Amino acid sequence: LEKKLSKAELKLLPRAFEIVGDIAILELPEELLKKKKAIANAIFEVQKNVKVVLNKIGEIEGIFRIPKMELIASVPRNFEGIPKKFLPKSLTETVHHESGCRYKIDVSKAYFSARLSGERERIASQVSDKEKILCLFAGVGPFTILPAKRKNVKVIAIEINPDAVAYMHENIEMNKVSDKVETLLGDVAEVLPKLRGKFDRIIMPAPKNAADFLELALTKAKKGAIIHLYTFAPVEEIGALGDKIKARCFAAGKRVEILEVRKAGEIGAYNFRVAVDIKLV
């Protein structure tokens with residue numbers, strides 16, 4: 001882009017962009033919108049797997065966590081190896097390959113982050129056969145399907161967005177784990193109190209508000225259970241985060257051990273997505 005953008009414009013280019021399936025998702029500042037076609041063409045040139053370029057406009061908001069997307073450009077697509085019934089039908093729909101799984105997703109209708117692939121792999125690697133797993137805020141199913149694909153487990157996934165649940169059903173079928181995964185459509189606050197039984201592992205991958213449901217999740221955890229909680233925190237608060245969560249659990253009548261507090265991605269200057277692994281003792 002050196003010959004197509006000025007030095008000032010080059011400085012405004014995002015440091016990175018996300019790729020989901022064959023879609024590149026940009027977050028362009030207003031000053032670069034007049035050059036968006038040139039930027040998209042540059043991405044097509046250097047990222048041969050990308051066939052669609054979108055620009056995210058505005059922040060993720062609402063209970064469904066849906067980003068607003070603007071189409072910048074597209075080129076002919078090829079979904080070789082994907083069964084006809086699962087083929088994308090719009091330019092915001094794609095099939096994302098990750099850790100031996102395939103996830104169909106419309107990035108304008110449901111939240112999905114390819115940047116969390118390492119976290120999904122990390123959690124799945126800890127899962128043992130015969131575990132009963134609960135996934136809250138399950139989205140289109142990536143935290144749910146991977147452990148079910150690898151181990152003999154039973155998973156219950158709760159998600160409030162009906163579009164996300166519809167894609168999760170397709171993904172469960174596409175990855176052949178229908179006998180291991182059960183989906184529940186609804187608000188965690190309403191569904192969880194009615195859910196019978198307790199779980200060996202609880203995954204809470206919605207950092208914006210998952211921590212608000214920690215006490216409720218504790219009521220569904222067996223002794224010895226592991227809870228994977230995601231939250232947002234500025235860098236100066238990360239060191240004390242484990243003790244704060246431990247105190248909340250104690251106030252709720254549960255003794256816990258904080259196994260790990262780890263950065264799971266930078267979301268802004270000195271602000272991070274943080275993963276906290278909690279064990280009931």
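None of these values were measured; they are calculated from a predicted model. Below, each value reflects all heavy atoms present in this structure, side chains not excepted, and no hydrogens, waters or symmetry copies.
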Gap separating the CZ atom of Arg262 from the CD1 atom of Ile238, nearest 0.5 angstrom: 12.0 Å
N/O donor-acceptor pair under 3.5 Å between Asn41 side chain and Ile39 backbone: no
Shared hydrophobic cluster, Leu136 / Leu195 (ILVMFWY, side-chain heavy atoms < 4.5 Å): yes
Distance under 6.0 Å and angle within 45° of ring axis: Arg201 vs Phe143: no
Backbone of Ala211 reached by a side-chain donor or acceptor of Arg248 within 3.5 Å: yes
Short N-O contact, Arg115 and Glu266, less than 4.0 angstrom: no
hydrophobic_cluster_shared for Tyr111 and Phe232, side chain cutoff 4.5 Å: no
From CA spacing to verdict: side chain to side chain contact (heavy atoms under 4.5 Å, CB included), Glu159, Thr183: CA-CA 8 Å; Glu159 170 58 45; Thr183 63; over 6 Å; no
Full working for side chain to side chain contact (heavy atoms under 4.5 Å, CB included) between Val127 and Arg150: CA-CA 9 Å; Val127 172; Arg150 293 184 176 174; over 6 Å; no
Salt-bridge present (Glu9, Lys35; N to O < 4.0 Å): yes
Nearest non-hydrogen partners of Leu116 and Ala264, listed with the distance: CD2-O, 4.2 Å
Ile43 side, atom CD1; Asn49 side, atom CG - distance, nearest 0.5 Å: 11.0 Å
Under-4.0 Å salt bridge between Lys279 and Glu257: no
Enumerate, atom names and distances included, each donor-acceptor pair closer than 3.5 Å involving a side-chain atom of residues 75-87, sequence neighbours excluded.
from  : atom 1 : to     : atom 2 : distance (Å)
Arg77 : NE     : Asp22  : OD2    : 2.8
Arg77 : NH1    : Ser90  : O      : 3.0
Arg77 : NH1    : Glu93  : O      : 3.3
Arg77 : NH2    : Asp22  : OD1    : 2.7
Arg77 : NH2    : Asp22  : OD2    : 3.4
Arg77 : NH2    : Glu93  : O      : 2.8
Asn78 : OD1    : Glu80  : N      : 3.3
Lys85 : NZ     : Glu173 : OE2    : 2.6

Separation of Ile133 CD1 from Lys154 NZ (nearest 0.5 Å): 11.5 Å
Intermediate values then yes/no, side chain to side chain contact (heavy atoms under 4.5 Å, CB included), Ile278 and Ile202: CA-CA 10 Å; Ile278 308 160; Ile202 300 176; over 6 Å; no
Smallest separation among heavy atoms of His96 and Ala114, with atom names: CE1-CB, 3.7 Å
Joint hydrophobic cluster, Ile123 plus Ile227, side-chain heavy atoms closer than 4.5 Å: no
CZ on Phe272 to CD1 on Ile267, rounded to 0.5 Å: 9.0 Å
Side chain to side chain contact (heavy atoms under 4.5 Å, CB included) assessment of Asn55 paired with Lys36: CA-CA 9 Å; Asn55 185 37; Lys36 60 186 179 183; over 6 Å; no
Linked, directly or transitively: Ile25 and Leu71 (ILVMFWY side chains, under 4.5 Å): yes
Exam field: side chain Asn152 to backbone Asp129, donor-acceptor pair closer than 3.5 Å: no
Lys109 side chain to Ala164 backbone, donor-acceptor under 3.5 Å: no
Distance flag, aromatic centroids of Tyr167 and Phe112, threshold under 6.0 Å: no
Minimum-distance pair of heavy atoms, taken over all atoms of Val153 and Ala148: CG2-CA, 3.7 Å
Main-chain N/O of Lys48 paired with Lys51 side-chain donor or acceptor, under 3.5 Å: yes
CZ on Arg120 to CD on Glu98, rounded to 0.5 Å: 4.0 Å
Joint hydrophobic cluster, Ile245 plus Leu218, side-chain heavy atoms closer than 4.5 Å: yes
Arg273 with Glu119: basic N within carboxylate O range, under 4.0 Å: no
Whether Lys149 side chain and Asn175 backbone form a donor-acceptor pair below 3.5 Å: yes
Test salt bridge (charged side-chain N to carboxylate O under 4.0 Å, His left out) applied to Glu170 and Lys89, Arg102, Lys104, the passing residue: Lys104
Closest heavy-atom pair and its distance - Gly186, Ile158: O-CG2, 3.7 Å
Inter-residue atom distance Tyr103.OH - Thr144.OG1, 0.5 Å rounding: 8.5 Å
Flag, side chain of Lys132 to backbone of Ile156, donor-acceptor distance under 3.5 Å: no
Considering all heavy atoms, the nearest Gln126-His228 contact: OE1-CE1, 3.5 Å
Shortest non-hydrogen contact from Gly197 toward Lys220: O-CD, 3.8 Å
